[in-house]
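Written out below as structure tokens is the structure these notes cover.
Remember, it's 1-based here, ligands and their atoms both numbered in the order they're listed. Note that this is a predicted model, so its numbers are computed, not measured.
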Amino acid sequence: MASPGAGKTSVIENTVRRLANELHIGMINGDIATSLDAERAQNAGAQAVQINTGGNCHLEANMLREALKQMDLARVDLLIVENVGNLVCPAGWKLGTHRNVLVASIPEGDDKPHKYPGMYRGVQAMIVNKIDLLPYIDFRMEFFQTGVEMLNPGLQTFPLSCRTGEGFDIWLDWLCAARAEYLTAQG
Ligand SMILES: Nc1nc2c(ncn2[C@@H]2O[C@H](COP(=O)(O)OP(=O)(O)OP(=O)(O)O)[C@@H](O)[C@H]2O)c(=O)[nH]1
Ligand SMILES: [Mg+2]
Ligand SMILES: [Zn+2]
């Protein structure tokens, strides 16, 4: 989940490319219109299914159920769901995902956790994308982190840049560890 343009698809593309030798990744993408993001994920090597919500501003679990029918799940080791760009209602709809990740980004401003608390409360990890833009934007990291800490103390946070690749390895370590943890819990 993230606001429009924070870099959800960019994070997914880079994740798929970097894990290509280890995991078959599936991607379900929700957008109001177009299949642009599913095509980007496919070009990166993912098996991708697009959901067009036709105006709905968030995904719902029944939409995912239909999308899953179009996917060869025997060939999926990790499924990533990209929600509609929106910091409000995606937080209120449970999709059945095992981990929820928020992609925050530098250009959207340091006040977002203060203004969109629901989104920051309900996630297990947060990427702070576009750190390559820090020199150009007045982003008070401490003010941002204070808001996050109030809502979600100790939240796993991964500052990174899809543009330069900085910070990506630590995010991938967390992702692979979360997958292993889930599989172990399933026995
Ligand atoms: N400078 C910079 N630009 C980035 C970075 N990551 C993504 N972008 C750019 O940000 C724009 C939006 O990226 P997307 O990955 O399409 O964002 P999104 O969250 O999937 O957008 P929606 O699906 O439309 O909500 C694109 O022009 C990307 O090239 C980054 O780390 N640094
Ligand atoms: Mg996208
Ligand atoms: Zn909505």
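For the residue pair Thr164/Asp132, the side-chain donor-acceptor check at 3.5 Å is not satisfied. In summary, the side chains of Asn129 and Ser105 do not present any donor paired with an acceptor at a separation below 3.5 Å, with no hydrogens or angles considered. Using a 3.5 Å distance cut-off with no hydrogens or angles, the side chains of Arg40 and Ser10 do pair a donor with an acceptor. If you check the side chains of Glu108 and Ser3, you find a donor sitting under 3.5 Å from an acceptor. For the residue pair Glu149 / Thr146, no side-chain donor-acceptor distance below 3.5 Å is found, with atom types taken as modelled.
A centroid separation of 6.0 Å or more is found between the aromatic rings of Phe144 and His114.
A salt bridge links Arg99 to Glu181: one of the charged nitrogens lies within less than 4.0 Å of a carboxylate oxygen. In this structure, Asp111 does not pair ionically with Arg140, as no charged nitrogen and carboxylate oxygen lie closer than 4.0 Å.
Of all atoms in ligand 1, numbered sequentially from 1 with element shown, those under 4.0 Å from a heavy atom of Asp132 are 1 (N), 2 (C), 30 (C), 31 (O), 32 (N). Residue-ligand proximity, Leu133 to ligand 1, at heavy-atom distances under 4.0 Å covers atoms 1 (N).
Inside a 4.0 Å radius of atom 29 (O) of ligand 1 there is not any protein heavy atom. Put simply, atom 26 (C) of ligand 1 has no protein non-hydrogen atoms near it, under 4.0 Å away. Within a 4.0 Å radius of atom 19 (O) of ligand 1, the protein contributes at least one heavy atom.
Residue-to-ligand polar distances keep Gly85 apart from ligand 1: every N/O pair is separated by 3.5 Å or more. Not a single N or O atom of Leu160, backbone or side chain, sits closer than 3.5 Å to an N or O atom of ligand 1. The distance criterion of under 3.5 Å between nitrogen or oxygen atoms is met by Cys162 with respect to ligand 1.
Using the six-membered ring where Trp is involved, Trp174 and Phe158 have ring planes that are tilted, between 30° and 60° apart.
Protein contacts to the Mg ion (ligand 2) involving N, O or S atoms at a distance below 2.8 Å are Thr9 OG1, Asp37 OD2, Glu82 OE2. Among protein atoms, those of element N, O or S found less than 2.8 Å away from the Zn ion (ligand 3) are Cys57 SG, His58 ND1, Cys89 SG.
In the hydrophobic clustering of this structure, Leu175 does not group with Leu155; members are Ile, Leu, Val, Met, Phe, Trp, Tyr whose side-chain heavy atoms approach within less than 4.5 Å, directly or through other members. Hydrophobic clustering (side-chain heavy atoms under 4.5 Å, transitive across Ile, Leu, Val, Met, Phe, Trp, Tyr) keeps Val81 apart from Met126. The cluster map of Ile, Leu, Val, Met, Phe, Trp and Tyr, joined by side-chain heavy atoms under 4.5 Å apart, puts Val128 and Phe168 in different clusters.
Side-chain contact check for Ile127 versus Leu102: every heavy-atom pair is 4.5 Å or farther apart. Between Met63 and Thr53, the closest side-chain pair of non-hydrogen atoms falls below 4.5 Å. At least one side-chain heavy atom of Gln47 sits under 4.5 Å from a side-chain heavy atom of Met71. Counting heavy atoms from C-beta outward, Asp110 and Met141 have side chains that stay 4.5 Å or more apart. Annotation: side chain of Val49 is not in contact with side chain of Met27 (no heavy-atom distance under 4.5 Å).
For Thr9, heavy-atom contacts with ligand 1 shorter than 4.0 Å involve the backbone as well as the side chain. The proximity of Glu13 to ligand 1, defined as any non-hydrogen pair under 4.0 Å, does not occur for either the backbone or the side chain. Contacts of Val84 with ligand 1, taken as heavy-atom pairs under 4.0 Å, are absent altogether.
Within the structure, ligand 1 lacks Ala2 among the residues with a heavy atom less than 4.0 angstrom away.
Here the heavy atom of the protein found nearest to atom 12 (C) of ligand 1 is Gly5 O, 3.4 Å. If you check which protein heavy atom lies closest to atom 7 (C) of ligand 1, you get Ser10 OG, 3.3 Å. In terms of protein heavy-atom proximity, atom 6 (N) of ligand 1 is closest to Asn129 ND2, 3.1 Å. Summary of contacts: the protein heavy atom closest to atom 17 (O) of ligand 1 is Gly7 N, 3.1 Å.
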- Item | side chain to side chain donor-acceptor pair (under 3.5 Å) assessment of Asn100 paired with Thr97 | CA-CA 7 Å; Asn100 292 309; Thr97 44; 2.7 Å; yes
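Between Lys8, Glu82, Arg40, Lys130, it is Lys130 that holds the heavy atom closest to atom 10 (O) of ligand 1.
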